[in-house]
Amino acid sequence: MFLLNPIWLFALAALSIPVLIHLWNIRPGKVLKVGSISLISETSRKSSRSFKVTDVPLLLLRCLLLVLLAFLLAQPVWQQWVKPAKSKGWVLIPKTQFAETYQKFKPQTDSLLKAGYELHYFNKGFTVVDTATMLKDTTAKDTIPTNYWTLVTQLNSRLNTDAPVYIFSPNRMAHFAGNKPSVALNLHWQTYTPADSVSNWVAKAWLGADNNIKVLQGNSQPSGTTFTTYTIPPGGDANSPFVVNITGGQVSVSLKNRKQTAVGVDTVTYAIAIYTDKYPGDAAYLIAALKASARFAQRKISIRQYQNADRISGKQEWLFWLSDKAPGKQVVQNAKNLFTYKTGRAVNANSWISAGPLYAASQTEKVALYKRVEGKSEGKLLWHDGFGNPVLSMAQNGKTNEYQFYNRFNPQWSNLVWSYVFPKWLFRLTNTNPESDDSNYDRRVMADQQIQPHIIPQVKNAPVSKVNKQVELSNYLWFVLALVFFAERWLAHKNRTEVRHG
């Protein structure tokens, strides 16, 4: 057994409280009835006090209550240590792509299983499975792509032997996020490109200024992800790949012969507010790019510029806060999307700015970067420099999507304001729903050499045993604590009754 929060054992010092109370508990003296006090001579007055522990069972129960409470706060966990199972190695296949992956690597998998290897899910927990059961299971759906690099890191901490590990998995980029891990495994990882290597979906739909419906369609394939804008006239288009639905007065658009949920058509006028503070020059570049983006999308927008933050009123679809001071709470609540300048130390940079697949037409679109604000990403990374440092990140704060810009709309900071990609990136930024997870439609793949983790055998010290399972003891402690509490209350009540009638 071990404790997750052993610092709470200091609470055992409270055991002195019931002991002191019981030591200080002085019982009243007995009254002796005598007929006369005439024969009792006066003596010198002496007072004595005897510190005796009374009601020992009650004292023990109260001390036990405090001990149980201290251990409950320390969160005890029971660990069962066992020797590693004798196995020639592991074979791991993702649960959600088990059938396709197994068929793709059937000769290798079958030969390994016949040789004595164990078959496991390549998922959290690494459950042992058998091929017959899994091939019949059609309920596993890849609703949220699993990060395979995270799983490999967990596998590295679980396996303590030098037995070979074989992983068979898809090579989609959506399954790999963060830094490539370093592990000490005898790892053999083989990947493949899944059959459904092309994906199309509706990313956004809105009503244009010409009363035509504008649809932003995403297309993803192994080579990359692109977006195309389509126009649907008011009367519809029989040759269009889209279906327009009207339900309860709400217009929505969906792709023909696709299972994607219909996307509602945004009919409101975009209210965009720009607070300039001491950056009026930056605001001029931003307004020009927003207007170019609106002309391309033919979207109804309203752009207003403010130098006094108190005059920003009403709900804003976008608020660009070009200031080094933080916006007020009311301003944040009235903005659905808040774009702020990241504050901090500015450093020189000799790199470029790249946007993610949802915000750039291709990964070849890059902008020269001269300066940036130091800091780690505080949310989802949207734009980054050549070293992976954040340039634009997004995090949700209640109902507001907060964007932090680690740069400035200034030619001295980057070439963004002069680049042709500036209005294009702003268009994608202001017309992509950050709450939707488009990673399910991402069909880009990674090369095998990019997937393989760093193998560092020398850091692996294989112990003779490992943790097999952990059992939390909190529920048992709560039960014992309740029993001791009721026993203490019963004994205290019994003692008070005996004293009262004694």
Side-chain angles (χ1 to χ4, degrees), residues 145 172-174 193-245 251-268 270 289-301 317-318 337 353-367 380 382-383 392 394 416 419-445:
R172 282 182 181 161
M173 191 177 293
T193 301
D196 56 338
S197 57
V198 178
S199 176
N200 296 288
W201 74 99
V202 176
K204 188 82 172 180
W206 66 92
L207 186 63
D210 54 0
N211 292 325
N212 293 327
I213 297 176
K214 304 292 181 178
V215 180
L216 184 66
Q217 178 186 340
N219 176 274
S220 185
Q221 48 190 333
S223 59
T225 300
T226 59
F227 290 87
T228 307
T229 304
Y230 293 88
T231 300
I232 303 177
D237 185 358
N239 298 323
S240 172
F242 307 100
V243 177
V244 179
N245 305 295
V251 183
S252 61
V253 177
S254 61
L255 277 167
K256 293 180 180 178
N257 302 322
R258 293 291 190 277
K259 295 182 179 180
Q260 181 196 3
T261 304
V263 176
V265 177
D266 192 354
T267 59
V268 300
Y270 249 37
L290 287 173
K291 288 182 176 180
S293 172
R295 283 195 299 270
F296 171 76
Q298 295 187 7
R299 182 155 200 164
K300 302 175 183 178
I301 67 169
E317 189 71 24
W318 277 86
N337 300 278
I353 303 175
S354 297
L358 299 180
Y359 301 93
S362 68
Q363 294 302 297
T364 59
E365 294 182 352
K366 297 179 180 179
V367 174
K380 184 178 180 181
L382 307 184
W383 301 353
L392 180 65
M394 188 278 291
L416 180 64
S419 175
Y420 72 96
V421 304
F422 187 28
K424 294 172 60 176
W425 288 6
L426 276 181
F427 167 75
R428 296 280 167 77
L429 181 67
T430 55
N431 287 280
T432 300
N433 184 6
E435 299 175 359
S436 65
D437 187 6
D438 290 332
S439 57
N440 288 328
Y441 305 106
D442 192 354
R443 297 296 183 266
R444 294 173 300 155
V445 300

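We're numbering straight along the sequence, starting at 1. Side-chain atoms are counted along with the backbone in the values below, which use heavy atoms only and exclude waters and symmetry mates.
Considering only heavy atoms from C-beta on, Ile353 comes within 4.5 Å of Trp425 through its side chain. Taking 4.5 Å as the limit, every side-chain heavy atom of Val263 sits out of range of all side-chain heavy atoms of Val253. Taking the side chain as every heavy atom from C-beta outward, Phe427 and Leu216 approach each other to under 4.5 Å. Side-chain contact between Thr267 and Val251 is absent, with no heavy atoms from C-beta onward closer than 4.5 Å. Residues Arg443 and Val198 are not in side-chain contact: their nearest non-hydrogen atoms beyond the backbone lie 4.5 Å or more apart.
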Under 3.5 Å, sequence neighbours excluded: what are the donor-acceptor pairs made by side chains of residues 289-297?
none

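Below 30°, between 30° and 60°, or above 60°: for Trp201 and Tyr441 the angle between ring planes is below 30°, a parallel geometry.
Between Lys300 and Gly208, the shortest heavy-atom distance links the atoms CE-O, 3.7 Å.
With sequence neighbours left out, the side chain to side chain contact (heavy atoms under 4.5 Å, CB included) criterion links Ser252 to Asn245, Ala262. By the side chain to side chain contact (heavy atoms under 4.5 Å, CB included) test, Thr231 is found to be paired with Asn212, Lys214, residues two or more places apart in sequence or in another chain being considered.
Within the model, atoms CD1 of Ile213 and CG of Leu207 stand 7.0 Å from one another, a figure rounded to the nearest 0.5 Å. The CG atom of Leu426 sits 7.5 Å away from the CG atom of Leu416 when rounded to the nearest 0.5 Å.
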Evaluate the side chain to side chain contact (heavy atoms under 4.5 Å, CB included) criterion for residues Glu317 and Asn337: first the C-alpha distance (whole Å), next the side-chain angles of each, then the deciding distance (0.1 Å), finally the verdict. CA-CA 6 Å; Glu317 189 71 24; Asn337 300 278; 4.0 Å; yes
